[in-house]
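Bear in mind the structure is a predicted one, so any value in this text is a computation, not a measurement. In what follows, every chain begins at residue 1, and chains take the letters A, B, ... in the order their sequences are listed.
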Number of protein chains: 2
Amino acid sequence: MASTPPKRARNAAATRDAILHSALAAFSHHGYDGIGVREIARTAGVTGVLVNRYFGSKEELFSAVVELAFADNSLFGGDLALLAQRLASRIVTKTKKGAEPTDSFLLLLRSAPHPRAAEILRDSIARHFERPLKATLQGPRASERAAVMLALFAGLQLLRRVIGSKALADANNASLFDDLAAMFQSLIDGPAA
Amino acid sequence: MASTPPKRARNAAATRDAILHSALAAFSHHGYDGIGVREIARTAGVTGVLVNRYFGSKEELFSAVVELAFADNSLFGGDLALLAQRLASRIVTKTKKGAEPTDSFLLLLRSAPHPRAAEILRDSIARHFERPLKATLQGPRASERAAVMLALFAGLQLLRRVIGSKALADANNASLFDDLAAMFQSLIDGPAA
DNA sequence: GTCTATATAATGATAGAC
DNA sequence: GTCTATCATTATATAGAC
């Protein structure tokens, strides 16, 4: 423990990474407007100065965060046969209170109001979600069905996790899962049925 | 034009109303965090002082705006037989660019990130949308199905109007209408089918 | 590489004049 | 009933020390 002190010190790459992940959590939880660079930096163990040093501005930090969050799209990228279950499962899965997970749709929902953040998100969504999902779907109007799937998924998270709808929160998890999986599956199958 | 000057002057009720409608438009467009009381007041033709004079605080102004916006719920309150068409129609109807209409779902989407605004919205949504819609639906799990309908509706508007998804914007209106109406109808009908 | 201190700007809210 | 002027707070971003 002599060569590597317990507190990472003067390491540009590690500091940059710590800021980036702190920002991902903070933007996902509070939205672009709801958090300041000072607090993002404080959670990362540094001061706000280094945010601008490593990212230039809050807006550029947000761009980097979006790319990080949307790079892992295992939700839509995996096995098509289980996609409906995967999406439905994500909706009904309980999340620990207080330690809200930093997923990309919360980042999207909470930062969409800010005009510049919306532009950054629109571009990233098209590249990381709409395009690969559309490419995976069979049958006619794949692009439209992909968008409707994303809309259903985003709307459910909006009501359940951002608004906190009691009806969705109190619903029986098993039957909610079944109903949602069926809806997603019919969108995946398309009008061929 | 002698007794009523062209510019409304020193009329408390009219001024309050002007502020309220200016705030509705502003909050719908920019979200709770995205607009200041000064600019809301300026659009209403007064200074920011009167916002606090008539509403007490920005937060109380927002509460009044939410009640105003959600009071007209003709979309969900009308004939149940045509509800699915009404919802699908609202999604595909083109909206004039630049003069964005001030509807309640934009208010919801853009202000949800703010914690206090989210509380106010959650309460108002439960009273004005979830409760009446649940009461109208037949069959089991009416509350859950009502919430899923709201989620689908909100998610579609999120992608189309806030994020600006090209896939939804470019979709053929007629087939999109048919697909969405079918989804809403199956939620209205429930598992009885 | 990281800090303290500060410049600059915008916000919500209030006091007091008219 | 409405204004101008101001306070207190907070935000992003930067200059300069170590």
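The salt bridge (charged side-chain N to carboxylate O under 4.0 Å, His left out) search around Arg110(A) returns Glu100(A), not counting sequence neighbours. Judged as a side chain to side chain contact (heavy atoms under 4.5 Å, CB included), and not counting sequence neighbours, the contacts of Ala146(A) are Leu133(A), Lys134(A), Leu137(A). Residues that satisfy the side chain to side chain contact (heavy atoms under 4.5 Å, CB included) test with Ala64(A), not counting sequence neighbours, are Leu20(A), Phe55(A).
Among pairs with a residue in residues 43-62 of chain A, those fulfilling salt bridge (charged side-chain N to carboxylate O under 4.0 Å, His left out) read Glu59(A)-Arg116(A), at least two apart in sequence or across chains. Listed by first and then second residue, the salt bridge (charged side-chain N to carboxylate O under 4.0 Å, His left out) pairs that reach into residues 67-76 of chain A are Glu67(A)-Arg127(A), sequence neighbours excluded. Sorted by first and then second residue, the salt bridge (charged side-chain N to carboxylate O under 4.0 Å, His left out) pairs with a member in residues 19-29 of chain A form an empty list; sequence neighbours excluded. Applying the salt bridge (charged side-chain N to carboxylate O under 4.0 Å, His left out) test to pairs two or more places apart or on separate chains, those with a residue in residues 16-39 of chain B are Glu39(B)-Arg42(B).
Contact annotation: Thr15(A) reaches the phosphate of dT2(C) (side-chain N/O to OP1 or OP2, under 4.0 Å). Residue Arg53(B) places none of its side-chain N or O atoms closer than 4.0 Å to OP1 or OP2 of dT2(D).
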* Which nucleotides of nucleotides 3-14 of chain C have their base under 4.0 Å from a protein heavy atom (B), which only their sugar-phosphate (S), and which neither (-), written as one string 5' to 3'? -> BB------BBBB

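Hydrophobic clustering (side-chain heavy atoms under 4.5 Å, transitive across Ile, Leu, Val, Met, Phe, Trp, Tyr) groups Phe76(B) together with Leu80(B).
Atoms CD1 (Ile19(A)) and P (dG1(C)) sit 12 Å apart, rounded to a whole Å. Taking atom CZ on Arg16(B) and atom P on dT2(D), their separation rounds to 13 Å, with Å as the unit.
Among the atoms of the strands shown, none is found under 4.0 Å from any heavy atom of Phe55(B).
Helical stems in DNA chain D, defined as runs of 3 or more consecutive Watson-Crick or G-U wobble pairs with donor-acceptor distances under 3.5 Å: C:1-7 with D:12-18, C:9-18 with D:1-10.
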